[in-house]
Each structure stands twice: as structure tokens, then as C-alpha cells.
2 protein chains.
Amino acid sequence: MRATVKDVAKLAGVSPKTVSNVINGVVFVRPETRARVERAVSELDYVPNMSARGLRNGRSGMIGLALPDLLRPYSAEITHLVVELAHERGWGVQIQQTAAEPEREFELLSKARAHLVDGLILNPINLGDSAVMTAGPLPPVVLIGDVDQDVVSQVAIDNVGAARDMVQHLLDQGCRRIAAVGTPESPSGSSGAGTLGGSATIAGTAAARLRTTGYHQALADAGIEPDPELEVALDRWSPDGANLVVSRFLAGHEPPDAFFCFTDSIAIGTLSALWAAGVAVPDKCLVAGFDNILESQYAVPPLTTIDFDRRAFVHSALELLAERMADKDAVPRRVLIPHRVVARASTTR
Amino acid sequence: MRATVKDVAKLAGVSPKTVSNVINGVVFVRPETRARVERAVSELDYVPNMSARGLRNGRSGMIGLALPDLLRPYSAEITHLVVELAHERGWGVQIQQTAAEPEREFELLSKARAHLVDGLILNPINLGDSAVMTAGPLPPVVLIGDVDQDVVSQVAIDNVGAARDMVQHLLDQGCRRIAAVGTPESPSGSSGAGTLGGSATIAGTAAARLRTTGYHQALADAGIEPDPELEVALDRWSPDGANLVVSRFLAGHEPPDAFFCFTDSIAIGTLSALWAAGVAVPDKCLVAGFDNILESQYAVPPLTTIDFDRRAFVHSALELLAERMADKDAVPRRVLIPHRVVARASTTR
DNA sequence: TTGAAAGCGGTACCAC
DNA sequence: GTGGTACCGCTTTCAA
């Protein structure tokens, strides 16, 4: 049977409270007593019961991480960093997949309120309908990614600016006819090359809208009229989705001067479609991505992309969460992480 | 303040026990009583406290998933499926990263014994030194991936057979000089092209050894003497590591007929190195991977790889875990998931 | 079918 | 500095 504080206390000849003091090491305990307790602990192979501790303290020592889709390499990098940096703070990480379903986001908040997690890092997709905006008393929550709200703390990058910078970079390379891949699905379905079916939709994402805005701004600055035909909508930001819509696009259009893909995953699918269509990159057509995932450097050819300090990004998220956990009434903060264009072979001839 | 069972009971005019019965829906409750309780629950916005329930029941409703490195796309796919399939069983998933450090694997088992998780799915790297093999009473554990042991349940694929099949495929394409990328580091450091530094080591992994064995077997079957120069060691199975060692290899050797890469991530780094060196794939050199990650289909060129049913793989892991959780003394089982070679453009001229 | 009370394992409040 | 004790919220005997 499992040993408890009482067993340890009995063996060490002290009270349960003293055992607790030794384990949590907060108040001063006479070294001799401490040693006796520690010996008893190891002798009985005692491990504290987290459920009991959680019940008593009202905290579980775990945070929740909710991402729309764990398959995206971007998600994997975020997860990796959250787990690592949370570990440094002594927090465990419970992971959830919201599949862009508001219902799942709601379920999460319940779990948080059920004291399963002490706080939540949430990468929302459909925040408009999301529970975050509607529910009453919230657990400590930090949003990652772009969302228009000021209810909870948030860490993000300047999506509009980054998209503008990237399109500017493509313009600098002499491109005029620049397609965007990953634009929000238009309700009318009139966009360039059709869309891919699927339950998990990313259309309407704040990021998609903001990056489209940046794309439009850069074109406008260069005096170029946006061509709706060049806006390729996508309902899932994945290589397979991108590969499909870009292949369709190429079947119906001349290749543009460049494809600005809203994520590196999209860019990888785009590169594949161009390769299959026999369009050489960067000789005939440039390709740029967004996020600088690890794989992008080893794409063929290596991919130009938007980079930002992901570790700083996640660090800020945890910092903001810690703030909220310490003081539920702290005023929500918003942290913006700087970005830059990383030019690689896919956009340099 | 948070509502508790008592509050609900009082409002509904019943006892806490009845509330519990309604919530857990196990015993029969008079519909009228049930309705009253349910109304009280929603009126008070009651959410059960999981810590208390966990303390009482001795189960937390969560399982732990421990992977050596969350960055690998392969890990991301596993995580995705574990989270999804565990969700279907009503389990939460706590995620850990062991960084191939036995110490972290040990920490995990502690957490399991601390009742933070009810069971553990562990992808071990250094199982030789791992706590799994040494510790006394284990929580329910299922290993994923190849390991030589019969202490706990396990789900795996036939690494030797799969590697042999893949090399056979390359031989069938007319290759004779076939390099292997990802072989274990030899202690003497005498292997092909040197290795990459780093704290997280994957050398000595069972998978690396088994895939090397399969590679040797296929060569032997074809009457080809293995050439140690063609065994490129790698201490991290990542694109950057592979890109580096393959670039070095190409600087010192003629390109082989083919590279058999021990994972798709390695293959992606290898494709990039070949592209940079101006070696055309598949015209001058074939490349094959292993795992069939989502990205491999959209590599340039699309990557030949070993595929297996990942969903079945994870499903089996959860099934085995459920068995162990139900009966700690159940005899450990081992499930083998079938594999097949998926031939794509990277190995077909 | 439902109610009352005990207890899961730790910790905080108060004494000493 | 350390010991007793109540109590966190839920579930599970045992009675009614």
C-alpha cells in the first residue's frame, strides 16, 4: 500500500505537519529532525498525493495548453516550448486539441474551473463564438495568436506588418503578380481556386484576415490593384490542403510571379505543387512562407519566411499566465513579439 | 465562491449522495429527483472538483504521454492521436518531454505514483538505464517503439523487417552502393562522416540498432558486403543534424546510389543537402525515409517511406493501457503493427 | 431510492 | 520549532 504523511510521521517520530514542512521546505526545520524525516521518506518510498494536495491548496500545479491542431509543425514547436518552460516553473502541462470547435474550447474552460488546471494557454480559432468571450468568471487565461479582444492577456505578433513586410520583400525582387495562399474563405465562394472540404475550418481566423490585410496594404503601397483571382482560399492550413488548391490554381492560371503563403506548411504544399507542375522555384516563380518552422530551412529550395523568437513568445505567454494566476484581477496585458523576414533561396534568384 | 455538492444538494432539497448519483449516472434515480438536481446544478453553475474526486477515487482521469522530443513531426502525429483517442475514452493527457534523459523518465514514474496520472505511455530512448527497468512497483505503463523487454506492455512495428524491406526496394531499383543515415554512434567514433554534438542523444536507441540490422540483412541477402563508410551516424534524428552529416559525407565521398534514412525527418535534411550539393534526386541518387509523416508526401521530390497505421498503433497503446489500468497484474502483451513500403518519386526514375 | 457520516491525504491554523 | 486538529469536496459504506 502507498505510504502517507502519517506513516512517514510515525516512522520519523514527528507529526504530519512537520513532514509537510520538510517536504515543502518553506519554514525552518531543525536539521536533525529534517534528516529523520527524509530518511523515513526514502525508506517508505513516500510520494505525496497530488490530488490531496490539490484539493487542499486549490491548485493542481498544471496548466492547460489548447491548440486547434496538434499536427501542424508550428503547434509542435509551441508545445515543445510550453512543456519545457512550464517544466522550469514546476508546472505540468495538460494538452488539448480544440479542432477549431468552439464547443471544445468551452469544455476546456470547464476543466479549468474543475480545478484540473490552474490556468490555460489558448490558441483560439473561432473566438467570435468562443466561450472565452461569453462565459462569466474565467480561470486565468492567456491567448496566443491574434485576436481582437481585450478581456484576457495575450501574446502575438504583428500579423499585418509581417505580411506587409513579406510582400514588400517579394515586390523588391521584382514581382508584380503575387498570389496569396491561405486567405479566408469568402462566403460567396468566389475566390480563386476553390477550397478544400473538411470539418475543421480555419476560415475567418483572425490571422488569415490580418495577413490578407497586410498583403493588400503592401500591394496598395506599390500601386498594384489586388486581383481576387490571386487570392487562394484555404480552409485548413496544411500541406495537403495547399497542395490541392495550388495544383488547381496552376491548372487554370499562368503561374504568378510569386506565392505568398500564410504559413510554412502551406508553402511546403505549394512547393510540392509547383514541382509537380514543372514550375521551377525560384527561377520561374518565388515562394514565401510564414512562421519559420524548423523544416522550412530544409525545404527544396530553402524557404523564405517570417521569423520571430518563438521562445520569447512562449516565455511571455507563461509570464502573463503567472501574473494572472497570482492576481486574478490584474489588468490584461498584450505583448507583441518582433518579427523579421528571413530571405532564403526560394525568393532569391 | 465555487458551488459544491452540498450547495447543489441543499438547493435541490436532496442529499449530497443523490447529487453524486445523478452526476455519475450510475445508479437509478427517480426522474423527478434527477430533474431537480440537474436544475440546481445549472443554476449554481456547479462543476465537480477533480482534485477531490481524484483523491476519493484514487484516479485522476489523466494519462501521461512521454516522448523524447516533441519537435519531431512523428512525435506530433503520435501526440495528436493520443490526445484525440484518449479524449474519446474520457481521459485527459498530460505531456512530458524526456529529452532522452533517464532522469526525466524517472521523474515521470514518480508523477504517476503521485497519482497525477493513472497511466503512462512512454516512448523510451535509453531504456537500458531507464527507471522502467529498475524501479519496483510500476504504475500502468505501455511502451511505444522498439525496446527489448517483457516487463510491461508494448506496441511496436517490426523495425528490422521494415528496414530490410526498404533496402530491398532500393536494391530492386538497381542500387548497390546504399548509404544508411541514422545509424547508432559507434563508441570509437569511427563511423562514416562524424556526428553532431548535442546533449540529447539518440545513439544506442533500439530503433537505430534494429534498423541498422535490417539494413545489413538486406545487403547480406543480396551478397553485398556492408561498407562502414556508408553508415552515417547521427545523434539527433532531425533535419538539421541530417543535413549537416550528409553535407559532410558528400564533401568527402562520391554520392552513393541511394540514401536509406532512418526517419523521414532525416530524409528531409538529406534531400536538402543533396539539393545544395547539386545532386539530382532521383536522377543521380535515390532517397528513402521511414515513418510516412504527413510532410513526406510533399517533399521535393515526394519521399518513399515506410508506412504503418498510426491510428491503429496509438489505439493499441491505449487499449493495452486500459487493460493494465483495469488489472495491474495482467500479463504484459506486445502488439506488432504491420508496415509497408510506400514508393514515391524519390526512388523511382 | 435516499440520507447521514466517515474518510481519502495534505496542509493551515492555532496552541505549546 | 513542532504537535494537534479541522477541513478542502467528493464518494462510499451502512441505515432507513
Side-chain angles (χ1 to χ4, degrees), chain A residues 1-38 40-41 44-62 90 110-118 139, chain B residues 1-38 40-41 44-62 90 110-118 139:
Chain A
M1 212 42 230
R2 290 274 310 280
T4 75
V5 264
K6 284 183 183 164
D7 302 321
V8 175
K10 195 181 298 173
L11 181 59
V14 298
S15 84
K17 169 63 175 153
T18 306
V19 174
S20 174
N21 284 339
V22 169
I23 289 168
N24 297 301
V26 48
V27 284
F28 191 80
V29 180
R30 195 145 33 102
E32 178 199 315
T33 314
R34 164 178 296 274
R36 273 218 316 286
V37 170
E38 280 169 349
V41 164
L44 294 174
D45 197 21
Y46 167 74
V47 180
N49 180 321
M50 295 316 240
S51 293
R53 181 178 288 176
L55 173 58
R56 180 69 240 205
N57 293 343
R59 288 180 296 100
S60 66
M62 292 208 309
S110 275
K111 280 201 170 179
R113 300 190 32 252
H115 280 211
L116 237 173
V117 296
D118 302 330
Chain B
M1 214 39 235
R2 290 273 310 280
T4 73
V5 265
K6 282 183 186 166
D7 302 323
V8 176
K10 196 182 299 174
L11 181 60
V14 298
S15 83
K17 166 65 174 149
T18 306
V19 175
S20 175
N21 283 341
V22 169
I23 289 169
N24 297 302
V26 47
V27 283
F28 189 82
V29 181
R30 195 143 35 100
E32 177 200 315
T33 315
R34 162 177 297 272
R36 274 220 314 286
V37 170
E38 280 167 350
V41 163
L44 294 173
D45 197 21
Y46 167 74
V47 180
N49 181 320
M50 293 317 240
S51 292
R53 180 178 287 177
L55 173 58
R56 180 67 240 205
N57 293 344
R59 288 179 297 99
S60 65
M62 293 210 306
S110 275
K111 280 200 168 176
R113 300 189 31 251
H115 280 212
L116 238 172
V117 295
D118 302 331

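Numbers restart at 1 for each chain; the letters A, B, ... are given by sequence-line order, proteins then strands. Reckoned from all heavy atoms, side chains included, excluding hydrogens, waters and symmetry mates.
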Which is true for B:Val8 with a 4.0 Å heavy-atom rule: it touches a base, it touches only sugar-phosphate, or it touches nothing?
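Contact class for B:Val8: none.
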Using a cut-off of 4.0 Å on non-hydrogen atoms, how would the nucleic acid contact of B:Val19 be classed: base, sugar-phosphate, or nothing?
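No contact.
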N or O in side chain of [X] less than 4.0 angstrom from [N] OP1/OP2:
X       : N      : value
A:Asn57 : C:dG10 : no
A:Arg53 : C:dT11 : yes
B:Ser20 : D:dT12 : no
A:Arg56 : C:dG9  : no
A:Ser15 : D:dG3  : yes
B:Thr33 : C:dT2  : yes

Between atom [atom1] in [X] and atom [atom2] in [N], what is the gap in whole Å?
X        : N      : atom1 : atom2 : value
A:Leu55  : C:dT11 : CG    : C1'   : 10 Å
A:Asn24  : D:dG1  : CG    : P     : 17 Å
B:Met50  : C:dC8  : CE    : C1'   : 16 Å
A:Asn21  : C:dC13 : CG    : C1'   : 12 Å
B:Glu32  : C:dT2  : CD    : P     : 9 Å
B:Ile23  : D:dC10 : CD1   : P     : 7 Å
A:Leu116 : D:dC8  : CG    : P     : 20 Å
A:Arg36  : D:dT2  : CZ    : C1'   : 11 Å

What does the inter-axis angle of the helix from C:dT1-D:dA16 to C:dC16-D:dG1 come out as, five pairs per end, nearest 10 degrees?
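About 30°, once rounded to a multiple of 10°.
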From C-beta outward on [X], which listed nucleotide comes closest to its side chain: [options]?
X       : options               : answer
A:Ala52 : C:dG10, D:dG3, D:dC10 : C:dG10
B:Arg30 : C:dT1, C:dG3, D:dG9   : C:dT1
A:Lys17 : D:dC10, D:dT2, D:dG4  : D:dG4

Report yes if some heavy atom in the side chain of B:Met62 is under 4.5 Å from a heavy atom in the side chain of A:Met62; otherwise report no.
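Contact flag for B:Met62/A:Met62 side chains = yes.
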I need the minimum non-hydrogen distance between [X] and [Y], along with the two atoms involved.
X        : Y       : value
B:Ile23  : B:Tyr46 : CD1-CE2, 3.4 Å
B:Ala9   : B:Pro16 : CB-N, 3.6 Å
B:Thr4   : B:Asp7  : N-OD2, 2.8 Å
A:Asp118 : A:Ser60 : OD1-N, 2.7 Å
A:Ala114 : B:Pro48 : CB-O, 3.3 Å

Check residues 27-37 of chain A and write down every donor-acceptor pair under 3.5 Å in which the side-chain atom is one partner and the other belongs to a residue at least two apart or another chain.
{"from": "A:Arg36", "atom 1": "NE", "to": "A:Ala12", "atom 2": "O", "distance (Å)": "2.8"}
{"from": "A:Arg36", "atom 1": "NH2", "to": "A:Ala12", "atom 2": "O", "distance (Å)": "3.3"}

How far does CG of B:Asn49 sit from OG of A:Ser51, to the nearest 0.5 angstrom?
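Rounded to the nearest 0.5 Å, the CG-OG separation comes out at 9.5 Å.
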